[in-house]
Amino acid sequence: MKNSKIEANSDILAELVVKGMQEKKAADIVVMDLKSLKNAVSDYFIIASATSDTQLDAIATAVEEEVFKATQQNPWQSEGRMNKEWVLLDYVDVVVHVFLRDKREFYALEELWGDAQIKHVESVN
């Protein structure tokens, strides 16, 4: 008999993260598939933008709630909530980055993993 905790693989986890982001109208959601890259630190980087620090916090919270609801899994590590410019949620196989728009442009994470398979997610209105 299986226990109630579902071990989500990284593909399912990535879908849950995107769903949480979309619930709070995150902008410019990008899913970077790093599985085929040799020295990648995780399977996915998922990046989104927020227009305010309030939305930034709401997006991060929605992601945590969506993942927990389906898997009973909390992030292994969470950073940036106090600064309210860039929140990182580390689920080990999936790393979530929620930026204020100008900080996202400054750090340009998408450019660091140029070999990754990149999928732009349509915004939900």
Side-chain angles (χ1 to χ4, degrees):
M1 181 179 207
K2 290 187 175 190
N3 64 19
S4 62
K5 183 175 179 180
I6 299 167
E7 286 297 323
N9 70 31
S10 60
D11 297 335
I12 293 169
L13 199 53
E15 289 175 20
L16 292 168
V17 167
V18 168
K19 185 176 177 188
M21 289 176 162
Q22 289 175 322
E23 283 179 12
K24 298 301 177 185
K25 303 202 181 325
D28 306 320
I29 301 170
V30 171
V31 178
M32 300 176 69
D33 185 338
L34 308 174
K35 289 184 280 192
S36 64
L37 304 184
K38 188 173 179 184
N39 294 316
V41 295
S42 67
D43 289 350
Y44 291 97
F45 268 21
I46 303 177
I47 305 167
S49 297
T51 56
S52 69
D53 58 357
T54 304
Q55 186 190 28
L56 178 101
D57 192 51
I59 293 167
T61 299
V63 167
E64 289 174 323
E65 289 172 353
E66 194 65 40
V67 170
F68 189 82
K69 185 171 62 178
T71 69
Q72 282 68 58
Q73 185 177 348
N74 287 311
W76 173 70
Q77 197 165 352
S78 176
E79 306 259 340
R81 279 242 162 78
M82 300 305 284
N83 292 341
K84 296 193 181 275
E85 295 178 341
W86 173 8
V87 174
L88 178 137
L89 302 173
D90 187 347
Y91 287 96
V92 183
D93 291 334
V94 176
V95 179
V96 180
H97 302 271
V98 185
F99 286 97
L100 288 180
R101 200 174 299 273
D102 62 330
K103 293 298 175 188
R104 181 173 178 177
E105 291 171 14
F106 178 80
Y107 287 103
L109 289 186
E110 290 99 323
E111 294 173 22
L112 294 177
W113 299 99
D115 294 344
Q117 185 179 353
I118 297 175
K119 176 181 159 197
H120 296 269
V121 178
E122 292 292 320
S123 296
V124 175
N125 293 325

List the atom of [X], the atom of [Y], and the distance in Å for their closest heavy-atom pair.
{"X": "V92", "Y": "D90", "result": "N-OD1, 2.7 Å"}
{"X": "L100", "Y": "T51", "result": "CD2-C, 4.3 Å"}
{"X": "M21", "Y": "I59", "result": "CG-CG2, 3.9 Å"}
{"X": "K69", "Y": "Q72", "result": "O-NE2, 3.4 Å"}
{"X": "A48", "Y": "A26", "result": "CB-CB, 3.8 Å"}

So if I apply the side chain to side chain contact (heavy atoms under 4.5 Å, CB included) rule between V63 and each of V94, V17, L16, which one comes out positive?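 Per the side chain to side chain contact (heavy atoms under 4.5 Å, CB included) rule, the option paired with V63 is V17, out of V94, V17, L16.
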
Can you confirm whether the side chains of [X] and [Y] place a donor and an acceptor under 3.5 Å from each other?
{"X": "Y91", "Y": "N74", "value": "no"}
{"X": "S10", "Y": "D93", "value": "no"}
{"X": "S49", "Y": "R104", "value": "yes"}

Does the side chain of [Y] come within less than 4.5 Å of [X]'s, by heavy atoms?
{"X": "V18", "Y": "I29", "answer": "yes"}
{"X": "F45", "Y": "V96", "answer": "no"}
{"X": "L34", "Y": "D43", "answer": "no"}
{"X": "I46", "Y": "M32", "answer": "no"}
{"X": "V87", "Y": "D57", "answer": "no"}
{"X": "Q73", "Y": "F68", "answer": "no"}
{"X": "L89", "Y": "V95", "answer": "no"}
{"X": "P75", "Y": "E64", "answer": "yes"}

To the nearest 0.5 Å, what is the distance between CD (Q22) and CD (E66)?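 It comes to 10.0 Å.
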
* Okay, side chain of N83, backbone of E85: is any donor-acceptor separation there less than 3.5 Å? ->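 Not a single qualifying donor-acceptor pair exists.
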
Counting N and O atoms only, with roles assigned by atom type, does the side chain of Q55 sit under 3.5 Å from a partner on the main chain of K25, one being a donor and the other an acceptor?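 Checking the backbone N and O of K25 against the side chain of Q55, a donor-acceptor pair under 3.5 Å is found.
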
Can you list, by chain and residue number, the hydrophobic cluster partners of M82 when the side-chain cut-off is 4.5 Å?
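Reading the cluster by chain and number, M82 sits alone, since nothing else belongs.
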
Query raised in the report: Should the pair K119-D33 be classified as a salt bridge under the 4.0 Å nitrogen-to-oxygen rule?
Result: no

Discussion item. Check this for me: does any side-chain nitrogen of one of K38 and D115 sit under 4.0 Å from a carboxylate oxygen of the other?
Written reply: no

| said: Can you confirm whether more than 12 heavy atoms, excluding those of Q77, are under 6.0 Å from its CD atom? | reply: yes

**Prompt:** Under a single-linkage definition using a 4.5 Å side-chain heavy-atom cutoff for Ile, Leu, Val, Met, Phe, Trp and Tyr, are W76 and L13 assigned to the same hydrophobic cluster?
**Reply:**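 No, separate clusters.
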
**Worked check of side-chain contact (heavy atoms from CB on, under 4.5 Å) between L56 and K24** = CA-CA 9 Å; L56 178 101; K24 298 301 177 185; over 6 Å; no

Q: Quick one: do I118 and V30 satisfy side-chain contact (heavy atoms from CB on, under 4.5 Å)? Show the steps, please.
A: CA-CA 7 Å; I118 297 175; V30 171; 3.4 Å; yes

